[in-house]
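Scope of the values below: all heavy atoms of this structure, side chains included, with no hydrogens, waters or symmetry mates. The chain is numbered in sequence order, starting from 1.
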Amino acid sequence: AGAKDDTFNVLDLAEYTKNRPWWRKIFAPSSGSSAEKYNVATQLVIGGVTGWCTGFIFQKVGKLAATAVGGGFFLLQIANHTGYIKVDWNLVQRDMDKAKQQLKFHSSGNKMPPEVKSRVDEAIIFLKKNVILTGGFAGGFLLGMAS
């Protein structure tokens, strides 16, 4: 019987990525904005295609969600009308009043939490650095929603 060779080759990913400049350009933390890496046409195409795909999927999922929610309300109304479900409207009204009070309490501060503010600031900086890509994405998203 032949001897089985149990040796394995180890792939050092750090060394592998150093030899691949495109990998570092795309995924490196200091890779910069897309405006520095790609020309205007490429940015518009990338933004438009990703926007269209996102809009198309958003449209399909939105229709599915609307159908599910509407169908659920329809079934609940049928069940209520036939007597399978009895709704305690006084309890519903009390819970709605309690929710309104909580909303008034939370919105009276008008102050954004610091972690949300930092994320919003990051998003604004990204949008400013990648205006063409963002514009292409917005246009593609609207086209995807319309398809």
Side-chain angles (χ1 to χ4, degrees), residues 8-147:
F8 297 100
N9 290 332
V10 176
L11 176 62
D12 184 8
L13 289 178
E15 197 60 40
Y16 181 76
T17 57
K18 285 180 186 174
N19 296 331
R20 305 290 188 265
W22 64 271
W23 185 270
R24 282 189 291 160
K25 267 200 268 184
I26 293 174
F27 295 110
S30 61
S31 59
S33 70
S34 63
E36 297 169 357
K37 292 189 281 187
Y38 304 111
N39 62 20
V40 174
T42 306
Q43 290 179 60
L44 283 174
V45 168
I46 291 171
V49 169
T50 56
W52 183 86
C53 291
T54 305
F56 187 76
I57 291 170
F58 191 78
Q59 174 205 34
K60 296 299 179 187
V61 170
K63 282 183 181 178
L64 180 67
T67 303
V69 169
F73 282 135
F74 182 70
L75 290 175
L76 284 174
Q77 285 292 40
I78 289 174
N80 184 29
H81 183 70
T82 56
Y84 286 107
I85 296 174
K86 279 291 190 197
V87 178
D88 185 0
W89 290 109
N90 292 329
L91 180 64
V92 171
Q93 185 63 39
R94 191 179 72 217
D95 288 344
M96 290 296 292
D97 291 339
K98 198 183 302 181
K100 286 179 189 175
Q101 290 299 323
Q102 287 180 348
L103 281 174
K104 285 181 185 174
F105 175 73
H106 289 301
S107 65
S108 64
N110 244 358
K111 199 171 185 187
M112 196 181 303
E115 55 272 356
V116 173
K117 184 167 176 27
S118 68
R119 294 293 181 192
V120 168
D121 290 342
E122 286 178 26
I124 290 172
I125 290 169
F126 175 81
L127 293 175
K128 285 180 180 178
K129 283 185 178 179
N130 300 296
V131 173
I132 296 171
L133 184 74
T134 306
F137 180 86
F141 182 81
L142 293 175
L143 288 174
M145 289 290 289
S147 345

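- Applying the side-chain contact (heavy atoms from CB on, under 4.5 Å) test to I85 and every residue at least two apart in sequence or in another chain returns L76, A79, V87.
- The salt bridge (charged side-chain N to carboxylate O under 4.0 Å, His left out) check on R94 picks up nothing, with sequence neighbours excluded.
- The structure places CD1 of I78 at 14.0 Å from CZ of F73, a figure rounded to the nearest 0.5 Å.
- Among residues two or more places apart in sequence or in another chain, the side-chain contact (heavy atoms from CB on, under 4.5 Å) test is passed with L64 by none.
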Given the rule in the side-chain hydrogen bond (donor to acceptor under 3.5 Å, both in side chains) test, do D97 and Q93 qualify, once you have shown the distances and angles that lead to the verdict? CA-CA 6 Å; D97 291 339; Q93 185 63 39; 3.2 Å; yes

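- The minimum heavy-atom distance between N39 and T42, with the atom names listed, is OD1-OG1, 2.6 Å.
- Between F137 atom CZ and L127 atom CG the span is 10.5 Å, to the nearest 0.5 Å.
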Side chains of residues 138-146: which donor-acceptor pairs under 3.5 Å do they make with residues two or more places apart or in other chains?
none

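- In this view, K117 and D121 satisfy the salt bridge (charged side-chain N to carboxylate O under 4.0 Å, His left out) rule, not counting sequence neighbours.
- Pairs passing the salt bridge (charged side-chain N to carboxylate O under 4.0 Å, His left out) check and including a residue from residues 57-86, sequence neighbours excluded, do not occur.
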